[in-house]
Every structure is written in structure tokens, then in C-alpha cells.
Amino acid sequence: MTLDDFLLAFFSLDILREAWPILWQGLQQTLLLSVIVVPLGILGGTILALLSTVEHPLVRWPLMAWVDFFRALPPLVLLIFLYAGLPFAGLEISALGAVAIGFFLNTGAYYGEILRAGIESVPRGQMEAARSTGLGRGQALAHVILPQAVRNVLPDLISNTLEVVKLTSIASVVALPELLFQARQAQSVTYNATPIVAAAVIYFLLLWPVVRLLSRLENRQLAARQ
Amino acid sequence: MSSWDRFVDSFFNARVAWEYLPRIIDGFWLTILLALSIIASGLAAGLILAVLRSFGLRPLNWLIVFLVDLFRALPPLVIIALLYFGLPAAGLSLSGFAATWLSLSLVLMAFAEEIFWAGITATPRGQWEAARSTGLSFLQTLGWVVLPQAVRMVIPPLTNRTIAITKGTALGSVVAVSEILGAAQAGVSFSFNPTPLTLGALAYVVLFVPVVILGRWIETRFAWKR
């Protein structure tokens, strides 16, 4: 195989031009999907983290089982179960619906663990001090504990959000036309690898700044610990 | 048939479960084989890159940082698609197993390098100086003094990341690897009953819940002293 053949198979500008409208639609879907599933995951995580502040064993143990279950189940398995399994129970579910529920359950468990660690990193005295000024438990959580908790685990939250955006690519498996799905379509129509290479480049350009930022935040956190 | 009976007949059908259990068990072993191969090669490659980075050769370090950033930014499924559907265009066909193994190894390599490197830089400078002053060479210092401390320090984040990436073996089902999810999906389409999916989900839970709990334990056992 000559270099020209290689370039033609992986970096063909003609193919890119042809596939671009499809890829562009895919990119928009990926962004839209991220804007839907990230808040869903954070919502699920916040609920779990707030529940984890309840010390009653009837809350504590089921909560732990819930979180461990959804951390143990690979997200793709959950997604397939929702999308391909539920119709057998008479519950027809759209691809988007399955993705939304799956991400709420899966990424919620991860966000929940991170936020829980954040809440635990805030000294107990903060809660007592806040309560002693007359704030209710909920008010103290919302205005005193959570803001500090979020700040303490910000790198982990950003890191998890990066993982969630990357994970939206599994929606391609249930035929949701996001970036990877569109790239695969274009590739199978053109018999050329350029669309997949292009999708990879788009993902990289989109997420590289986040990876750089994370690297920096993690190093700073490490320096602070020394 | 009541809707409850229909539900049980769909998701917990004993006859279907009995028929497809052997395939799910085959998938179970394949998942373990795939996961162990990824852990071995990914961690080894990550450690080698971190050691190479400690030599402080500028151009080499730029290359390592770029590689790490690249595989942190790309979704694993995109890498798998690129290797499995893209490479044949260069006359190079990988099996689904090889493509999944290579992709996830590269991803684990990137995260592991970052984590090992963090551990190396977090080891106090005085340790280097003390070791070198006793007559140990650079490599001896790295191998006998710095790495043992660095590795111990990074065990918790490394364990969590390794677990998360290992769950990605389910992505192999997309490229026709008959690991647990692949075997389960094949079972669903043969039997037209979702019980194999229930079995598959159960297999993942059996496999990963102990791992998740182990990770949680390691996190507290080796926690950073604050």
C-alpha cells in the first residue's frame, strides 16, 4: 500500500466534503445529548448524595446497594436492557428515552459517589454552626455544605462529566444518530475510513481542552496535598 | 395471562435461561480473559510511559503527553470502531477481540500513565537526593525507592480507573465479540425472549459487584492522609 492509498483511505478530503453534512448533524446530536444527560446525571447524583447524609440504616443500606449495582453494571448493558428488553414487558421506549433513563441511573451513581465524598470532606462543625444560626437542615445543606462540597471535588466532577460526554457515543448502538453513528453510516456508504477518522478528530478537538484543564487541576490538587 | 405472569415469563423464563446459560457462562469467561489482558497490558504500558517520562527528555515527554491526552479525550467506542471498521481499509483486519483489547489497553495506558506520573512527582525530592547520595543510580533510585512509594500512593485512583475501563469490555459486543453482552444479545434474538439479557446483567453484577466493593475498601485502606 502506498502513502497515497493510505491517505485516500483515511484522510480523503473528497470523502470528508461528501460526509460533512452527516457528521455535522451527528455532532449537533452529540452536543444536544450531552446537554440532556449531564444535568440528568447530576440531578440523580445530587439526590443520591443528599440521601447519603441520612444515617438511618433503612436508607443507608439500600442506597449503597443501589449505587454499587449501577456502578457494577456496564452502561451499555443497562442501555441494551432498557432498549431491547423493556419492549418485551409491553413498554415501548424510544432510543432517546432509553439513553436518558440509562444515563440517569448509571452516571447518577457516579456523580452521587463524588458528591458524597465532597459532602464528607466538609467538616462536621460547618453543619452545626449553620444549624446554630437558625438555618434548617435543608437550608444548611443547600447554602453551606453543598457549595463547599462541590468546590472540594470539582476536578472529579469535571472528570466525570468528560467521561459522560464520551459515553454518549454508546447511544450509536441503539441507532441514535449522534456523531459516531453518523460516522459509521457515512463509512459504510462510502467504503472509506475517513468519516470515522473525522469523527475521532472532532471528539479530540472538542474534548482536548477539558483534558488539559483536568491535568492542570489534578496537578494543583496534588501539589496542595504535599 | 396476567401482566405479572407475562413479565416473569419474559424476563425470568426458566426454560430459556436453562437453554442459554452455557453461552452466557462462555461469555463470562471471555469477559474475564479480555479484562485481565487489558489490565495487564494497559497497566504495564502506562508504567513504562511514566518511567520514560521521568527521564525528562523534552520531545519524548511532549509525545507522551499528547498520547495520554489523545486516549483520554477519545471515547473508547470510537477507538474500537476506528480499529475494527477503519483499519481494514489499510489492508489490516483485526478480530473484534483484538480491536477491543487494543483500544481499551490504550485507554487504560493513558489513564495509568497519568496516575503513575502523579505518584512519581508526588514523591518528595529529598527521597531522590537521599537515594542518589547513597550511590544508587537514577534507575535504581526510581525502581527501588521512588516507584514503590509512588505506586502505593496511587493505588486507590488506579483501582477505580481500572475497574471503570474494564467494564468497557461490554463494548466488544458491538464488534461481534461474544463476551457476556454479545452472548446475551445473540440469545435474545434466537429465543425472542429477553431472559438471556437478564442473565447477562446478572453475570455482570456477579462479576463486578465484588470488584466495586473491593475498590471501595482499597480507597479507605490506602486513602491519602490529610
Side-chain angles (χ1 to χ4, degrees), chain A residues 1 5-6 8-10 67-69 71-78 80-81 84-90 110 113 121 162-163 165-170 172-173 179-180 183-184 187-188 191-194 196-197 199-200 203-208 210-212 214-215 218-219 222-223 225-226, chain B residues 3 6-7 10-11 65 68-70 72-79 81-82 85-91 114 118-119 121-122 124 163-164 167-171 173-174 180-181 184-185 188-189 192-195 197-198 200-201 204-213 215-216 224-226:
Chain A
M1 174 175 216
D5 290 340
F6 179 78
L8 213 59
F10 290 93
V67 169
D68 281 355
F69 180 81
R71 287 207 312 168
L73 205 60
L76 184 59
V77 176
L78 183 59
I80 300 284
F81 195 87
L86 284 187
F88 287 99
Y110 280 92
E113 281 290 284
S121 74
L162 171 70
E163 292 306 311
V165 174
K166 283 159 63 180
L167 198 61
T168 57
S169 58
I170 67 170
S172 63
V173 178
L179 185 52
L180 178 58
R184 285 272 294 117
Q187 178 246 347
S188 56
Y191 292 108
N192 188 292
T194 305
I196 302 187
V197 173
Y203 273 113
F204 181 64
L205 293 180
L206 194 67
L207 299 174
W208 198 17
V210 186
V211 172
R212 282 281 94 228
L214 268 173
S215 242
E218 282 160 3
N219 283 340
L222 206 70
R225 270 168 174 159
Q226 270 182 281
Chain B
S3 59
R6 204 182 120 190
F7 176 80
S10 291
F11 288 92
V65 171
V68 168
D69 281 5
L70 179 67
R72 273 187 80 172
L74 288 183
L77 191 55
V78 173
I79 307 173
L82 204 55
F85 300 109
L87 273 191
E114 186 102 334
T121 51
I163 296 171
K167 283 190 320 187
T169 50
L171 298 175
S173 64
V174 177
I180 300 173
L181 180 59
Q185 279 182 294
V188 173
S189 49
F192 208 68
N193 180 292
T195 302
L197 265 183
T198 312
Y204 277 107
V205 168
V206 167
L207 185 58
F208 281 109
V209 163
V211 179
V212 167
I213 291 173
R216 199 195 277 282
W224 295 78
K225 291 192 182 66
R226 298 207 179 208

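Convention: sequence-line order gives letters A, B, ...; per-chain numbering from 1.
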Against chain A, work out which of [options] has the most heavy-atom pairs shorter than 4.5 Å and name it.
{"options": "B/Gln185, B/Glu114, B/Arg72", "result": "B/Arg72"}
{"options": "B/Ala81, B/Ala90, B/Ser10", "result": "B/Ala90"}
{"options": "B/Phe192, B/Phe85, B/Phe208", "result": "B/Phe85"}
{"options": "B/Val211, B/Leu87, B/Thr195, B/Thr169", "result": "B/Leu87"}

Side-chain donor/acceptor of A/Ser169 to backbone N/O of A/Leu180, under 3.5 Å: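 No, the answer is negative, given that no donor and acceptor are paired below the 3.5 Å cut-off.
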Compare every heavy atom of [Y] with every heavy atom of [X], then report the nearest pair and how far apart it is.
{"X": "B/Ser173", "Y": "B/Leu181", "answer": "OG-CD2, 3.3 Å"}
{"X": "A/Thr194", "Y": "A/Leu8", "answer": "OG1-O, 4.1 Å"}
{"X": "B/Tyr204", "Y": "A/Leu73", "answer": "CB-CD1, 4.1 Å"}
{"X": "A/Gln187", "Y": "A/Ala193", "answer": "CG-CA, 4.3 Å"}
{"X": "A/Ala84", "Y": "B/Leu197", "answer": "CB-CD1, 4.3 Å"}

Partner chain B: residue of A/Glu113, A/Glu163, A/Arg184 with the largest heavy-atom pair count (under 4.5 Å):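 Between A/Glu113, A/Glu163, A/Arg184, the count favours A/Arg184.
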Against chain B, label [X] side chain, backbone, both or neither, depending on which of its atoms sit under 4.5 Å from a heavy atom there.
{"X": "A/Ile80", "answer": "both"}
{"X": "A/Leu167", "answer": "neither"}
{"X": "A/Leu162", "answer": "side chain"}
{"X": "A/Ser172", "answer": "side chain"}
{"X": "A/Val77", "answer": "both"}
{"X": "A/Tyr191", "answer": "neither"}
{"X": "A/Val210", "answer": "neither"}

